[in-house]
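Working notes, structure below.
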Amino acid sequence: MNHEHHHDHHCGCGCQDEPKFPELDAVLDAYADVAGSLITILQKAQEIYGYLSPDLMLYISRETDIPVAKIYGVATFYAQFRMNPVGKHLIMLCQGTACHVNGSSMIEEAVVEYLGINEGETTEDGLFTLENVACLGCCSLSPVMMIDGETYGQLTKDKVVNILTELKEQEA
Ligand code: FES
């Protein structure tokens, strides 16, 4: 992964299709030479692109001279970073104590069954991503999930399926 030239935009093999991330260049200009700013760079990159793809991590590595293994290590260590694309609708399912006591695992089962994805995955049509989170801060409504920032409480299996069906129909 070592490149001889700093800020060398080409891999040297003559290919023209090396991915570029121009929207990130201002961030890299500001931070690439600032020690200890890797997390900041990754946060900005995720803000712009939604997630840290392998190509994006390679690009950051080339531009900062930080080994890609280190970037990958940081990206996997911190829960705030995602390395897969997020679906159009992000389902955040609460698995906090109150929600757990009130059946959040049953709710998860219903989602998994209905969408055919597991926690952390995205449906093939790119519509839904499922993520478990800790307390969403509205335990009195448990079990709770949040989709695209909207809170849904006192969930039952049927209720969850109805909500997801409605969202799906909006897309059709
Ligand atoms: S535990 Fe789920 S909202 Fe608090």
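In listed order, ligands and their atoms are each counted from 1.
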Side chains of [X] and [Y], heavy atoms from C-beta outward: is any pair under 4.5 Å?
X    : Y    : value
L42  : Y78  : no
L130 : L115 : no
I91  : L164 : yes

Under 2.8 Å from atom 2 (Fe) of ligand 1 - protein N/O/S, by chain and number: C94 SG, C99 SG
Atom [atom1] of [X]: over 12 foreign heavy atoms under 6.0 Å:
X    : atom1 : answer
E124 : CD    : no
K159 : NZ    : yes
Y49  : OH    : yes

